[in-house]
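Both backbone and side-chain heavy atoms feed into the values below; hydrogens, waters and symmetry mates do not.
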Amino acid sequence: MTSSLLANLPAPRLTNWLLVAVCAFTMGVVYYLDGVLGLVPCPLCMTQRVFLLISGGFCLLAALHGPGILGRRIYAALAAVFALVGGGVAARHVWLQHLPEGQAPACGPGLEYMLENFPFTETLELILMGDGNCADVVWTFAGLSIPEQALLLFTGLVLVNIWQVMRTEGT
């Protein structure tokens, strides 16, 4: 029974291609939200995008390279780590959105201004703290805000990549 179940699972390389497709589709949706709907991303949104691209990049490298089990585990571990950090940023974003009215942090300067005028460490700290813009729910799908959807996506990426690290079948 177990061996027939394992035979139906996608090969590691195909799994990586599927993860790349999910990340690419997500970035397409993000650009649709920005370009067509005119939604302006907050600093936490931008940070989540960076971690999505890095995690997806490791999946792309694994898919193109098609390494053996050790290489696959290294790529998957790196993808999982970056997805985990992205999920942490998304969780913070969700937390900000669920704060009671009036308890969200005040709006701060824009990302471009911070990068040009503040030391990198201070900019990073301000970005990860979030601001009043991050607390606004500007769009939902299926009752979930964008950060809530991102948290689900990152959770899925972490779980699949951990499975890629642990799996012994396939090549």
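- A continuous path of Ile, Leu, Val, Met, Phe, Trp and Tyr side chains, each step under 4.5 Å between heavy atoms, connects Val29 with Leu37, placing both in one hydrophobic cluster.
- Although no hydrogens or angles enter the test, the distance criterion places a donor-acceptor pair under 3.5 Å between the side chain of Arg13 and the main chain of Ala63.
- With a 4.5 Å cut-off on side-chain heavy atoms, Leu52 and Val30 do not count as touching.
- Residue pairs satisfying the ring pair (Phe, Tyr, Trp, His ring centres under 6.0 Å) criterion with at least one member in residues 64-86, sequence neighbours excluded, are listed as follows: Phe58-Phe82, His65-Tyr75.
- Across all their heavy atoms, Phe51 and Gly86 have their closest contact at CB-CA, 3.7 Å.
- Minimum heavy-atom separation, Thr140 to Gly143: CB-C, 4.5 Å.
- Proximity of Ser55 to Leu84: side-chain heavy atoms (C-beta onward) are nowhere separated by under 4.5 Å.
- With sequence neighbours excluded, the residues satisfying side-chain contact (heavy atoms from CB on, under 4.5 Å) with Ile146 are Leu33, Leu39, Trp139.
- Distance alone, capped at 3.5 Å, is enough to place a donor-acceptor pair between the Gln48 side chain and the Leu44 backbone.
- Nearest heavy atom pair, residue Ala80 against residue Val158, reads O-CG2, 3.7 Å.
- In terms of the side chain to side chain donor-acceptor pair (under 3.5 Å) criterion, residue partners of Gln97 (sequence neighbours excluded) are, by chain and number, Ser145.
- Val137 has its side chain out of reach of Pro147: every pair of non-hydrogen atoms, C-beta onward, lies at least 4.5 Å apart.
- One finds the CG atom of Leu157 at 11.5 Å from the CD atom of Gln164 (value rounded to the nearest 0.5 Å).
- For residues 78-87, no residue pair satisfies the salt bridge (charged side-chain N to carboxylate O under 4.0 Å, His left out) rule, not counting sequence neighbours.
- In this structure, the side chain to side chain donor-acceptor pair (under 3.5 Å) partners of Arg49, at least two apart in sequence or on a different chain, are Asp34.
- Atom OG1 in Thr26 sits 9.0 Å away from atom CZ in Phe154 (nearest 0.5 Å).
- The side-chain heavy atoms of Thr155 and Leu159, taken from C-beta on, include a pair separated by under 4.5 Å.
- For the atom pair Leu70 CG and Ile74 CD1, the distance stands at 4.0 Å (nearest 0.5 Å).
- In this structure, the side chains of Asn161 and Leu19 come closer than 4.5 Å at one or more pairs of heavy atoms.
- Proximity of Trp17 to Leu60: side-chain heavy atoms (C-beta onward) are separated by under 4.5 Å at one or more points.
- No donor-acceptor pair under 3.5 Å is formed between the side chain of Arg167 and the backbone N or O of Ile162.
- Looking at every heavy atom in both residues, His98 comes nearest to Glu148 through NE2-OE2, 2.7 Å.
- Using a 4.5 Å cut-off between side-chain heavy atoms of Ile, Leu, Val, Met, Phe, Trp and Tyr, with links allowed through other members, Trp95 and Val85 fall into the same hydrophobic cluster.
- For Leu152, the side-chain contact (heavy atoms from CB on, under 4.5 Å) partners two or more places apart in sequence, or in a different chain, are Leu144.
- Both Phe141 and Val138 belong to a common hydrophobic cluster when Ile, Leu, Val, Met, Phe, Trp and Tyr are linked at side-chain heavy-atom distances under 4.5 angstrom.
- Between Ala62 and Pro67 the shortest heavy-atom distance is O-CD, 3.4 Å.
- The SG atom of Cys59 sits 10.0 Å away from atom CG of Leu78, with the distance rounded to the nearest 0.5 Å.
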